[in-house]
Student: 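The structure is given below, and queries will be raised subsequently.
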Amino acid sequence: MSPHLKLLLSAPKHLPTHRCCSGYVSRMRYLNRLKEDDEACAAALQDGRVFLFHRLSPLLQRSQRGTFTPAAFTCTDVQSVLQRLGSDSALLKESVLIGCSEQNQAQFCLDVGDLDQPAAEEELKGKFIDLRKAFFLLRGGEAPLVAKGQALLRWHQTSRFCSSTGQPTTRNQAGSQRVCSSSGIIYYPKMAPVVIVLVSDGERCLLGRQASFPAGLYSALAGFCDMGETLEETLNRELAEEVGLEVDSVSYSSSQHWPFPHSSFMVGCHASVSPTHSQLKVDHTELEDARWFTLEEITAALQVKTPPRKGDTPSLWLPPKHALANRLITEWVERLRFGKERE
């Protein structure tokens, strides 16, 4: 049984819900005010925390225990570093709002890609690490914030001109929108919808890999929605194209923002096929490999806590815990175990 389901079943029936949500409501209203009020956002930046990136790679610091965490700096700290490294401290104004702490302290991100990377890392006592690698090093609660920061920074870098007039766009202080200087058209950050699905034949689950994946890494199958498609149509089409399967049923699991390749909105689903119709016909132009894995194989792979070292060739390596694919795989394992326990 899912830990979340256990928690819900064991919770008191009459919780004071207004107390549970009041902090959340306060943060959301505070963030919304910062997006709408440039002066308030500029003031919040002075008292906020800034996460730094170098050409879209987040700065991580390593603790004495060997764990990695994204480093957050005060506005004054960032200004001092920029000055010491010969950069204009006005760059700080390019910071983008990404959230706030439970204490309503605003959180921003800033790309310092013009700085010399080794010099910046020495000054900041950290290392700029490619986000794909960072995802395997960060804890679950930290990865979404870093992913959001990188996605927004990338959007600003690629949205400096209006797609209608070709004229420059300008951003608001929070970085939540850009406006065409000529036509007044307002642009907002966008995500591309993607369906990611874990297919099961009742005893096994289906995973695939692309040639670009690290050695041994397999994941749930995924595909972008075509214009005019429903999520169900995308799921059925992708499975037909990539592995030659027709599914019997589909159920929704959960969703997730995913910063790759250029900010996707992942919709996670489970699908089932009949064991008598589970023969794969893999399209190797889409996938390097796809195969069925048993409960024992998946259970063993979930026990791997750290990514393989360079040069290793693991038989099976799964996406990081905070990836939606890992959540789908974990849910499948729990459901199958629960079903076997009831038999």
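Computed from a predicted structure; not experimentally measured. Numbering of residues begins at 1 and proceeds along the displayed sequence.
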Student: So, taking the atom named OG in Ser253 and the one named CG in Leu328, what distance separates them when rounded to the nearest 0.5 Å?
Tutor: 5.0 Å

Student: Tell me the closest heavy-atom pair linking Cys41 and Ala174, and the distance in Å.
Tutor: SG-CA, 3.6 Å

Student: Within a 6.0 Å radius of atom CD on Glu122, are there more than 12 heavy atoms belonging to other residues, nucleotides or ligands?
Tutor: no

Student: Tell me whether Asp38 contacts the main-chain N or O of Gln173 through its side chain, where contact means a donor paired with an acceptor under 3.5 Å.
Tutor: yes

Student: So, do Trp155 and Tyr188 have ring centers that fall under 6.0 Å from each other?
Tutor: no

Student: Which heavy atom of Leu138 sits nearest to which heavy atom of Ala143, and what is that distance?
Tutor: CD1-CA, 4.1 Å

Student: For Glu121 and Gln117, what are the C-alpha separation, side-chain angles and deciding distance, and is it a side-chain hydrogen bond (donor to acceptor under 3.5 Å, both in side chains)?
Tutor: CA-CA 6 Å; Glu121 290 176 339; Gln117 182 173 339; 3.1 Å; yes

Student: Nearest 0.5 angstrom please: Leu131 CG to Lys133 NZ, how far?
Tutor: 12.0 Å

Student: Regarding Ser200 and His270, is there a side-chain donor-to-acceptor distance under 3.5 Å anywhere?
Tutor: no

Student: Salt bridge or not for Glu123 and Arg84, using N-O below 4.0 Å?
Tutor: yes

Student: Side chains of Arg171 and His156: is there a donor and an acceptor less than 3.5 Å apart?
Tutor: no

Student: Rounded at 0.5 Å granularity, tell me how far CZ in Arg62 sits from CG in Leu137.
Tutor: 8.5 Å

Student: Would you say the side chains of Asp77 and Thr74 form a donor-acceptor pair under 3.5 Å?
Tutor: yes

Student: Return the minimal non-hydrogen interatomic distance between Phe135 and Pro320, and the atom names on each side.
Tutor: O-CB, 3.6 Å

Student: With no hydrogens and no angle check, just 3.5 Å: does a side-chain donor-acceptor pair link Thr170 and Ser181?
Tutor: no

Student: Over all heavy atoms of both residues, which pair between Ala220 and Val197 is shortest? Give the atoms and the distance, please.
Tutor: CB-O, 3.4 Å

Student: For Phe108, is the NZ or CZ atom of Arg49 found under 6.0 angstrom from the centre of its six-membered ring and inside 45 degrees of the ring axis?
Tutor: no

Student: For Phe213 and Tyr218, I'd like to know if the aromatic rings sit close, meaning centre-to-centre distance below 6.0 Å.
Tutor: no

Student: Take Arg160 and Thr169 through the test side-chain hydrogen bond (donor to acceptor under 3.5 Å, both in side chains) and record every step on the way to the result.
Tutor: CA-CA 5 Å; Arg160 298 185 185 278; Thr169 59; over 6 Å; no

Student: The test is side-chain hydrogen bond (donor to acceptor under 3.5 Å, both in side chains); show your working for Thr234 and Asp226 and say whether it passes.
Tutor: CA-CA 7 Å; Thr234 299; Asp226 280 349; over 6 Å; no

Student: Looking at Glu241 and Arg237, does any basic side-chain N land under 4.0 Å from a carboxylate oxygen?
Tutor: yes

Student: Working to the nearest 0.5 Å, report the span between OG of Ser219 and CG of Leu324.
Tutor: 9.0 Å

Student: Looking only at non-hydrogen atoms, find the nearest pair between Cys225 and Leu231 and report the distance.
Tutor: SG-CD2, 3.8 Å

Student: Give the minimum heavy-atom separation between Ser278 and Arg204, together with the two atoms involved.
Tutor: OG-NH2, 3.5 Å

